Number of protein chains: 2
Amino acid sequence: MDIKTTCLGVLMLGDASGYEIRKSFEEGPFSHFAEGGFGSIYPALTKLSQEGLVTCTAHQQEKRPAKKVYHITDSGWSHLEAAMREKIPSEDKIKSDLLFVLFFADWQSPDWIARVIDARIAYYREKLDYMAECGTQFEKTMGRSLVLGFGMAVYQASLDYLVANREAFIAVAGQARSSLSSAAE
Amino acid sequence: MDIKTTCLGVLMLGDASGYEIRKSFEEGPFSHFAEGGFGSIYPALTKLSQEGLVTCTAHQQEKRPAKKVYHITDSGWSHLEAAMREKIPSEDKIKSDLLFVLFFADWQSPDWIARVIDARIAYYREKLDYMAECGTQFEKTMGRSLVLGFGMAVYQASLDYLVANREAFIAVAGQARSSLSSAAE
DNA sequence: TCCGCTATATATCAATTTGATATATTTTTA
DNA sequence: TAAAAATATATCAAATTGATATATAGCGGA
């Protein structure tokens with residue numbers, strides 16, 4: 001699913017600007033399964049306009065840059081529909097710097113491993129609180145609500161695993177040669 | 001963590017060729033938290049050689065292309081060490097076409113949603129069986145074993161959620177306008 | 001036995017995406 | 001009242017993806 005298709009998905013929920021689409025990826029309903037920054041969103045919207053998959057209306061605002069609001073067309077919806085049933089969705093792509101660092105826990109200092117784990121535990125707790133709030137805004141019977149539940153289940157499992165194995169990770173730290181003596185400043 | 005640093009990580013487990021590094025990302029011990037294809041691995045290894053972070057030895061093989069085996073240097077290990085303690089690891093990057101499709105379940109056919117979910121359930125079961133086997137090869141006390149456990153916990157939670165909510169997803173399918181009438185061929 | 005599929009192995013490259021930077025104003029926080 | 005965060009779009013070098021090319025060996029099925 002490329003960035004153009006993902007933008008069309010966001011626009012299915014209502015008209016939006018590039019800035020607002022970015023927020024959907026960052027903290028909104030797509031945040032736990034989609035990615036995309038300004039550098040890909042703005043060019044994608046330009047191409048979608050050229051292809052007639054979206055329309056664009058400039059909303060002049062007082063003392064602020066004009067907001068370009070995008071609206072999905074019938075043709076855009078057809079494109080999205082086709083993309084979603086084209087093939088069985090491919091494997092999730094996951095890139096985790098945390099797991100990379102923890103993989104080599106035995107070559108690092110217990111201090112640093114503790115800091116890294118504690119930061120992530122705090123992050124998961126915050127995220128889960130936020131998502132629980134969001135959940136109350138949807139009807140329980142909608143796809144988007146079930147997908148939110150999926151995200152929460154995965155975050156909860158990650159949190160539980162880190163809490164349960166925090167001491168074990170710290171215990172293996174510093175067991176190999178040349179372990180780091182101090183945590184980053 | 002860029003691809004060069006990730007390659008150094010793989011080489012910490014032992015000398016390897018580009019092909020073997022790719023396998024680590026695809027099915028080996030890094031498969032559930034790292035990404036990288038030939039198109040990024042080969043250029044990365046060339047740059048690492050130029051920078052003296054790895055050495056390269058060509059192993060002639062009978063009737064097969066020469067295998068270039070890479071070995072991490074002390075300088076390479078220092079680089080990896082520095083990268084791992086540079087800052088608290090950033091958020092995981094997750095891109096899931098499955099969740100994107102399920103998010104719009106109400107615009108799609110129950111048939112298609114069922115196929116998509118069943119395919120993923122089968123995938124998670126296979127993956128978990130494979131990982132359980134791998135787990136027996138490591139000592140329980142190593143970072144890599146704990147990280148494998150993390151991956152398994154996440155896959156198990158995903159599997160459980162899909163199994164528990166399969167019927168709910170199918171029930172919401174086809175509730176909105178213009179739902180797809182048939183699954184892909 | 002022959003055909004196709006999978007595995008071993010490296011390499012290239014167009015297209016896409018990332019991540020940083022630039023610009024400018026308003027609103028909120030300390 | 002000064003600094004920081006939020007609103008808003010845009011660009012671009014660098015990194016990465018995904019597809020393709022090139023060769024050979026081995027294995028299973030018709």
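Being a predicted model, the structure only gives us computed values, none of them experimental. Note on naming: letters A, B, ... go to the chains in the order of the sequence lines (proteins, then strands), and numbering restarts at 1 for each one.
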With a 4.5 Å cut-off on side-chain heavy-atom distances among I, L, V, M, F, W and Y, is there a chain of contacts connecting A:L13 to A:L45? yes
Rounded to 10 degrees, the angle between the two terminal axes of the helix from C:dT1-D:dA30 to C:dA30-D:dT1, each from five pairs: 60°
Between B:C56 and B:S49, the two heavy atoms sitting closest are CB-OG, 4.1 Å
Can a side chain N or O of B:S17 be found less than 4.0 Å away from OP1 or OP2 on C:dT8? no
Spacing of A:F25 atom CZ relative to C:dT17 atom C1', expressed in whole Å: 12 Å
Over 60° means perpendicular and under 30° means parallel, so classify the ring planes of A:F25 and A:F30, tilted if in between. perpendicular
Is the ring pair A:Y19/A:F38 parallel, tilted or perpendicular, if the boundaries are 30 and 60 degrees? parallel
Determine: side-chain N/O of A:S40 to OP1/OP2 of C:dT16, distance under 4.0 Å, yes or no. no
Can you sort out the partners of A:P89 under side chain to side chain contact (heavy atoms under 4.5 Å, CB included), two or more places apart, ordered by chain and number? B:D97, B:L98, B:V101, B:V116, B:R120
Taking for A:F38 and for A:I3 the nucleotide of DNA chain C with the nearest heavy atom, the one nearer the 5' end belongs to A:I3
Heavy-atom nearest pair, B:H32 first then B:L148, reads NE2-CA, 3.9 Å
Figure out the CG/P separation between A:L45 and C:dT17, and round it to whole Å. 13 Å
Less than 4.0 angstrom between a side-chain N/O of A:Y42 and OP1 or OP2 of D:dA10, yes or no? no
Whole angstrom value for the distance that separates P of D:dG18 from CG of B:D97: 10 Å
Roughly how many Å is it from CD in A:E91 to P in D:dG18, rounded to a whole number? 11 Å
Heavy atoms under 4.0 Å, any strand shown: does B:G18 hit a base, just sugar-phosphate, or nothing? sugar-phosphate
Figure out the NZ/P separation between B:K47 and D:dA14, and round it to whole Å. 11 Å
Quick one: on DNA chain C, does B:K23 or B:K68 contact a more 5' nucleotide (nearest heavy atom)? B:K23
Whole angstroms only, please: what is the OH-P distance between A:Y70 and D:dA8? 14 Å
What is the nucleic acid contact for B:K93, judged by heavy atoms within less than 4.0 Å: base, sugar-phosphate only, or nothing? sugar-phosphate
How many Å lie between NZ on A:K67 and P on D:dT9, as a whole number? 8 Å
Please test B:W107 against A:M12 for side-chain contact (heavy atoms from CB on, under 4.5 Å), starting from the C-alpha separation and ending with a verdict. CA-CA 11 Å; B:W107 280 290; A:M12 279 304 294; 4.0 Å; yes
Please report, rounded to the nearest Å, how far the C1' atom of D:dT7 is from the NE2 atom of A:H59. 16 Å
If you look at every strand shown and take non-hydrogen atoms under 4.0 Å, does B:K4 touch a base, only sugar-phosphate, or nothing? nothing
